[in-house]
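For reference, the structure is listed below as structure tokens.
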Amino acid sequence: MPAASKGTIQVEGCEVAVSNPNKLMWEEPRIDKAQFLQKLAELAPYLLRYCRNRYLTTIRFPDGALGKSFYQKNAPEPTPDYVRVERLEDTHYVVLESLPVLLWLGNLACLEFHPSFHEVGSTLPCEWVIDLDPSLEYDPRMAEAAVIIGDILHSLQIEAVPKTSGATGIQLYIPIQPGYTFEQLRAIGKFVATFAVQQHPQLFTIERFKKDRGDRIYFDYLQHWPGKTLSSPYTPRARKGAPVSTPLRWEELRDVYPFEPSQYNLSNIGERLRRHGDLIAACPKQRLDEVLAFLEKRRLT
């Protein structure tokens with residue numbers, strides 16, 4: 001990457017403009033824009049898998065991760081010819097499906113990538129995601145909480161992959177067979193959440209208002225819905241330490257105290273991916289027919 005303040009790079013036959021390559025994006029560790037674009041290229045084979053053919057929301061940090069930010073839903077202008085844009089209602093979304101598009105967004109200081117839960121033109125979810133959100137700024141019980149929910153899902157013959165949100169929470173990512181609806185997934189989520197609260201009332205809550213949660217961990221089964229987003233697997237996050245939303249092995253959460261999600265970051269994500277690959281892609285798509293049939297029978301009795 002040249003040290004000049006403005007230039008272009010050729011990527012997959014596309015000309016991508018790059019400005020201010022030496023601009024600092026993270027202070028700790030020190031990552032400038034040129035280094036960030038290199039990290040995005042390293043993440044691209046994994047990150048793009050969960051953004052292709054989806055409506056993308058990004059969070060832009062023009063002055064770096066610790067500066068002011070804003071959500072970008074409408075495609076930034078001018079939009080290069082190689083960028084696909086799709087309209088949903090009154091919004092024209094970027095569809096992140098290639099390395100040139102990813103680097104173009106990175107150059108615009110888009111540090112976080114939050115795709116829709118459904119594909120362009122579809123109303124059905126691509127996966128099911130449960131969000132566990134601490135009420136405290138830092139909660140060392142997050143690993144324990146994720147394992148408990150993972151065990152409940154396992155008892156229902158549902159296998160999940162835990163992943164750091166890249167912030168303070170943990171999400172359970174469940175690949176699913178196509179055809180299920182958001183309403184069906186929400187029904188299962190409500191059932192699991194209610195059971196978890198009953199079994200562990202001092203640990204979990206489904207209170208939507210933070211002021212009513214105390215120090216309990218919020219089991220958010222409502223976020224997985226059309227029009228809402230969560231951090232994509234493998235997206236960087238604009239927080240201290242340059243964390244990355246990282247899928248984990250269950251043994252990395254069991255008997256871990258305290259759990260430090262910041263240990264999964266831009267500095268080491270490349271080596272981790274070379275060692276473990278994409279843990280979500282390795283998880284079979286889950287069938288939910290039996291638990292849905294159980295819930296329907298329960299509703300009718």
Side-chain angles (χ1 to χ4, degrees), residues 43 46-47 49-50 112-115 117 125-136 138-176 185 188-189 191-193 195-197 199-200 203-206 216-224 228-237 239 241 243-266 268-269 271-273 275-286 288 291:
L43 286 168
Y46 306 92
L47 176 60
R49 180 175 291 157
Y50 302 97
E112 301 190 9
F113 303 91
H114 300 247
F117 292 121
C126 301
E127 66 280 306
W128 177 29
V129 185
I130 294 171
D131 189 26
L132 301 178
D133 190 21
S135 300
L136 305 173
Y138 170 72
D139 194 330
R141 303 172 299 171
M142 288 305 302
E144 174 192 2
V147 168
I148 289 172
I149 302 305
D151 288 344
I152 294 173
L153 292 171
H154 182 75
S155 73
L156 297 172
Q157 299 181 19
I158 300 172
E159 299 305 320
V161 179
K163 80 176 182 77
T164 65
S165 69
T168 56
I170 294 179
Q171 294 151 3
L172 301 187
Y173 198 102
I174 301 104
I176 57 173
L185 299 182
I188 304 173
F191 171 74
V192 175
F195 180 78
V197 171
Q199 295 297 308
H200 304 274
L203 184 60
F204 295 107
T205 181
I206 54 175
R216 293 170 295 173
I217 293 167
Y218 179 44
F219 188 122
D220 189 353
Y221 65 89
L222 299 173
Q223 184 65 20
H224 190 264
K228 298 179 181 292
T229 65
L230 285 171
S231 54
S232 173
Y234 308 109
T235 180
R237 300 301 301 271
R239 298 175 69 91
V244 173
S245 181
T246 305
L248 307 174
R249 295 169 294 133
W250 281 111
E251 51 265 38
E252 293 179 282
L253 289 178
R254 297 184 188 275
D255 302 322
V256 174
Y257 185 90
F259 177 66
E260 294 285 356
S262 61
Q263 68 182 293
Y264 306 99
N265 53 61
L266 281 176
N268 56 31
I269 187 65
E271 175 58 31
R272 178 182 176 82
L273 289 171
R275 188 168 67 250
H276 296 300
D278 185 352
L279 296 175
I280 293 175
C283 181
K285 294 183 182 296
Q286 303 295 295
L288 307 175
V291 67

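Because only heavy atoms are used, hydrogens play no part in the values below, and waters and symmetry mates are left out as well, while side chains stay in.
- Between the side chain of R237 and the backbone N or O of S165 there is at least one donor-acceptor pair closer than 3.5 Å.
- Shortest non-hydrogen contact noted between C283 and Q286 is SG-NE2, 4.1 Å.
- The main-chain N or O of R216 is found under 3.5 Å from a side-chain atom of S135 such that the two form a donor-acceptor pair.
- A pairwise comparison of heavy atoms in L279 and R272 identifies CD1-NH2, 3.9 Å as the closest pair.
- Not a single side chain to side chain donor-acceptor pair (under 3.5 Å) links Q223 to another residue, sequence neighbours left out.
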What do the steps show when you test V244 against Y264 for side chain to side chain contact (heavy atoms under 4.5 Å, CB included), and what is the final call? CA-CA 6 Å; V244 173; Y264 306 99; 5.7 Å; no

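- A parallel orientation is assigned to the rings of F195 and F191, their planes being inclined by less than 30° (bins at 30° and 60°).
- The aromatic rings of Y234 and Y50 sit tilted, their planes meeting at an angle between 30° and 60°.
- Judged by distance alone, with hydrogens and angles left aside, the side-chain atoms of H224 form no donor-acceptor pair with the main-chain N or O of D131 at under 3.5 Å.
- Distance OG1/T164 to CD/E252: 10.0 Å, rounded to 0.5 Å.
- No donor-acceptor pair under 3.5 Å is formed between the side chain of D151 and the backbone N or O of I148.
- Between the side chain of W250 and the backbone N or O of A160 there is at least one donor-acceptor pair closer than 3.5 Å.
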